[in-house]
2 protein chains.
Amino acid sequence: MTPTTETLTAERILEATEEVLRRHGPAKATVVDVARALGVSHGSVYRHFRTKAALREAVTKRWLDRTSASLTGIVAEARDPEARLRDWLAALFTAKRRKAGDDPELFATYQVLTGENVEAVGAHITDLTGQLTRIIRDGADTGAFTVTDPPTTARAVFHATARFHDPGYAQDWDQPDIDAQFEAVVELVVRGLRA
Amino acid sequence: MTPTTETLTAERILEATEEVLRRHGPAKATVVDVARALGVSHGSVYRHFRTKAALREAVTKRWLDRTSASLTGIVAEARDPEARLRDWLAALFTAKRRKAGDDPELFATYQVLTGENVEAVGAHITDLTGQLTRIIRDGADTGAFTVTDPPTTARAVFHATARFHDPGYAQDWDQPDIDAQFEAVVELVVRGLRA
DNA sequence: CAGCTGACAGATTTCAATATCTGTCAGCTG
DNA sequence: CAGCTGACAGATATTGAAATCTGTCAGCTG
């Protein structure tokens, strides 16, 4: 669409791919479309990404990483672990809910992409449970939580709150009492962690 | 397949429909197939079910009700509520896991059917959380659990354990550490309930 | 005459021909 | 000569005509 004289980089291709996915959706977005948007031939795209699948995987990773990055701040804070845990879970829920609510079509597009890239999703979940592990370990160290194995407990907390971050439940996130449901689960989980 | 002289009842039609669904899958199972299996014309099936959708809904309800029924025994027992809660959750997980593992194709068929009949699924969930509410209320009464609003807490417990009964997670149920994951979540939840 | 049949209209699905896309690579270009 | 192009073969998707299915109902049958 805006052919420039700038060098063709992986980054520029990823940007263009996101735009094409947003416009055409996951089923109709083709490598030819991406090349056209960049004003190059589709052969050039294959110089940077071996296959269409690799290109889509890279876009998916970028998108997932942006979500993780927005939460690292809470992990690093030097505050009461219980408050940090509550804030982290609420921030994750809020972020996901906003993405699903603000642009449902784009969200659906990324649901298709994550379905194609189970491995990237696995890495993302490892990343998120790693963040949770740090908070829970802090809580165990300060004595706020009673936990024998922080990584296992972090995974348990992540699974127990899945309803509020797993995209598969997105259709429930505009129920009127969803916040009350969230509070009830968080309360149950936090009580289960306390000393 | 086995044309009998017996009267055509809703029950016999449901039986035949299950069989046709098992044989042909949800996409190819037609009302004509069901009629053929019963040795009648398809017009006769429409005498008992107004539409194909109504027929499939009835089959779905029957299937869901069979699952709920298998758990009522645990609810009614006069034992330690915590043990009953653990047993109930384990029984639900075991039942679902067996269904998914024993006949994956049939399980996939019912996943399609439940997707078509969100309302019936809602009723099923209400049924299950109702059973949970009874156990949790017993726990509150005996002082084993500290709970202010049993129905709300029951829903929270149900949501927190979704990974182990929601069919959407069936693909994870044969992970080698799934039992450890289940134990970790149940432990967290039970600790959250205790006085 | 209660219950069933089967022909029918409109909706949906299937299938095969056609078009488009993916991934490669020999050669062009700046 | 590094990076890009565009023609190509095989794979995948689209399309529209034909086949099948859904739901109705007038009339048949036991």
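None of the values given here were measured: they were computed from a predicted structure. Just so you know, these numbers use all the heavy atoms, side chains as well, and skip hydrogens, waters and symmetry mates. By convention in this document, chain letters (A, B, ...) are assigned in the order of the sequence lines, proteins followed by strands, and residues within each chain are numbered from 1.
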Touch class at under 4.0 angstrom, heavy-atom based, for B:Val31 against every strand present: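 It contacts sugar-phosphate atoms only.
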
Over how many whole Å does the gap from [X] atom [atom1] to [N] atom [atom2] extend?
X	N	atom1	atom2	value
B:Arg36	C:dT5	CZ	P	14 Å
B:Ile13	C:dG3	CD1	P	13 Å
A:His24	D:dT14	NE2	C1'	16 Å
B:Arg56	D:dG23	CZ	P	11 Å
A:Arg50	C:dT24	CZ	P	9 Å
B:Phe49	D:dT24	CZ	P	15 Å

The single option from B:His124, B:Lys96, B:Lys99, B:His165 passing side-chain hydrogen bond (donor to acceptor under 3.5 Å, both in side chains) against B:Thr67: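 Checked B:His124, B:Lys96, B:Lys99, B:His165 against B:Thr67; only one passes side-chain hydrogen bond (donor to acceptor under 3.5 Å, both in side chains): B:Lys99.
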
[X] has a side chain; which of [options] sits nearest to it?
X	options	result
B:Thr30	C:dC4, D:dG23, D:dC21	D:dC21
A:Lys52	D:dT24, C:dT5, C:dG23	C:dG23
A:Tyr46	C:dG3, C:dT22, D:dT24	C:dT22
B:Arg47	C:dG3, D:dT22, D:dA7	C:dG3
A:His48	D:dC4, D:dT22, C:dG23	D:dC4

Polar contact flag, side-chain donor to acceptor under 3.5 angstrom, B:Thr30-B:Asp33: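 Note: B:Thr30 and B:Asp33 side chains meet the donor-acceptor criterion.
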
Any donor-acceptor N/O pair under 3.5 Å between C:dG6 base and B:His42 side chain: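 No.
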
Parallel, tilted or perpendicular: rings of A:Phe164 and B:His159 (30°, 60°):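 Perpendicular.
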
D:dT5 phosphate, OP1 or OP2, under 4.0 Å from A:Ser44 side-chain N/O: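 Yes.
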
Residue closer to the 5' end of DNA chain D, A:Ser41 versus A:Lys28 (nearest nucleotide):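 Going by which nucleotide is closer to the 5' end, it is A:Ser41.
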
Ring centres under 6.0 angstrom apart (A:Phe93, A:Phe182):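 Aromatic pair counts; centres sit under 6.0 Å.
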
B:Arg12 side chain vs B:Thr7 backbone, donor-acceptor pair below 3.5 Å: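 At least one qualifying donor-acceptor pair exists.
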
Any strand is fair game: report the nucleotide pairing with [N] by Watson-Crick or G-U wobble, both distances under 3.5 Å, or none.
N	value
D:dT29	C:dA2
D:dG16	C:dC15
C:dG23	D:dC8

